[in-house]
S.K.: 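Structure provided below as structure tokens; questions to follow.
Order of appearance sets the numbers: ligands from 1, and atoms from 1 within every ligand.
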Amino acid sequence: MRLPDPDTTTIADLGAEMHGFASELFPLCRSITGDGLRETLRRIGTRVPLEIREVPTGSKVFDWTIPPEWNVRTAYVRNSRGENVVDFESNNLHLVGYSAPVSARMPLDELRPRLTTIPEHPDWIPYRTSYYEETWGFCLSHNALLALDDGEYEVLVDSTLAAGSLSYGECYLAGEREDEVLISTHVCHPSLANDNLSGIVVATALAEFLASLPRRLSYRFLFVPGTIGAIAWLHANREHVSRIAHGLVLTCVGDSGDTTYKRSRRGDADIDRAVAHVLRHSGDDHVLIDFSPDGYDERQYCSPGFDLPVGCFMRTPHGQFPEYHTSADDLDLIRPESLADSFKKVLAALSVVENDGVCVNLNPHGEPQLGRRGLFRSAGGRKRESIDERALAWVLNLSDSTNSLLDIAERSRLEFHSVRAAADALLEHGLLEERA
Ligand code: ZN
């Protein structure tokens with residue numbers, strides 16, 4: 001079946017709704033483990049059926065080991081007048097992610113190497129982590145650093161790094177077939193909006209939307225901490241990944257930039273072609289790039305031992321917008337209309353793979369006479385407006401069991417759904433047969 005195009009009003013409402021959900025999740029202190037991550041998953045689970053999995057600290061997942069779980073009660077740098085000059089309570093980016101506990105007094109010159117700023121954007125707080133090397137540190141605006149005097153400072157990081165687990169969420173929507181579409185998004189960043197609350201809210205909205213529809217394919221949505229979470233999922237599911245027929249990593253999908261699609265390692269997977277097709281026919285500017293082993297969890301899904309057909313759907317790529325990994329990646333950077341546009345384009349690409357198929361022309365010797373079947377304009381005014389005659393001709397000509405409907409759409413340069421509609425009309429009239 002064709003996944004319905006949500007109408008314009010629905011899409012506008014959805015943009016506002018997704019932005020609202022991002023605002024709700026924004027304050028939580030997420031990381032690759034811990035209670036902020038768990039609370040984020042719990043809230044996603046109020047909207048879609050979500051299994052939350054816990055992988056214990058110390059578990060081996062391929063070449064990696066699940067780290068201790070990190071939680072923070074509070075953290076600050078306090079001056080000699082008792083004022084908090086850097087405070088985790090006011091912005092969780094102030095604390096370097098995975099900072100070990102510390103309680104100390106020190107002069108500024110001793111503290112200074114522990115402080116990170118961005119001199120070229122003096123009002124922004126940078127985002128830094130140190131997951132696998134135990135340390136502590138703070139991030140602050142450069143202007144706040146310049147305002148510090150030479151006195152003594154009290155430093156407190158009231159955190160725990162202890163045996164616990166890494167959490168991830170999995171939403172499985174069974175379809176008629178076991179073949180799956182994998183949608184993966186990272187959930188490990190604290191108060192940053194485009195990277196990656198945008199991916200989280202678009203994935204959640206897609207899962208919500210698809211859950212209410214009949215589906216040919218099955219869908220699996222993964223909400224995983226970056227790198228280690230994807231590796232943990234792959235490790236747990238290594239015997240079953242062959243059922244993944246198509247996949248997308250969603251990241252940075254809320255800024256106002258053009259859509260960027262990074263192809264899977266295979267480069268010509270159906271999902272690569274479906275996304276390119278949708279973007280070309282959208283009429284909007286967009287960028288298609290080849291696979292490279294950087295970026296997000298496509299690195300894991302496309303590692304050579306898996307080589308899954310998983311591309312990365314984004315707007316402005318990481319590192320190419322100045323607000324990336326800073327406090328300026330906030331709720332103003334992501335726009336309801338961009339979230340909605342990303343939703344719509346991903347859904348359109350899923351609709352292509354959902355509806356693709358291979359047909360065989362049952363009347364391959366010469367063209368069948370379409371007029372008497374009401375499929376052609378000469379048929380006494382009975383033309384079916386919705387069926388494109390060029391699409392009928394292309395489907396009949398190329399349906400020799402070697403071409404999929406997407407192949408036909410590409411070769412004819414017609415939009416996929418007009419090709420699908422032509423095939424459906426020909427199937428109805430017994431002129432085609434669809435292969436299972
Ligand atoms: Zn990031």
S.K.: Parallel, tilted or perpendicular for Phe223 and Phe221, by the 30°/60° rule?
M.R.: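 Phe223 and Phe221: parallel rings.
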
S.K.: Taking the side chain as every heavy atom from C-beta outward, state whether Asp297 and Leu222 have any pair of such atoms under 4.5 Å apart.
M.R.: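 Heavy-atom side-chain distance check fails, nothing below 4.5 Å.
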
S.K.: Between the Zn ion (ligand 1) and His318, is there an N, O or S atom separated by less than 2.8 Å?
M.R.: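 No, His318 does not qualify, because none of its backbone or side-chain N, O or S atoms lies under 2.8 Å.
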
S.K.: Relative to the ring of His281, is the ring of His277 parallel (under 30°), tilted (30 to 60°) or perpendicular (over 60°)?
M.R.: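 Judged by the thresholds at 30° and 60°, the geometry between His277 and His281 is tilted.
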
S.K.: Between His318 and His325, is the gap from one ring center to the other below 6.0 Å?
M.R.: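 No.
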
S.K.: Please name the atom of Asp195, limited to N, O or S, that comes nearest to the Zn ion (ligand 1).
M.R.: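 Considering only N, O and S atoms, Asp195 comes nearest to the Zn ion (ligand 1) through OD2.
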
S.K.: The Zn ion (ligand 1) is nearest to which N, O or S atom of His325?
M.R.: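 Closest N, O or S atom of His325 to the Zn ion (ligand 1): NE2.
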
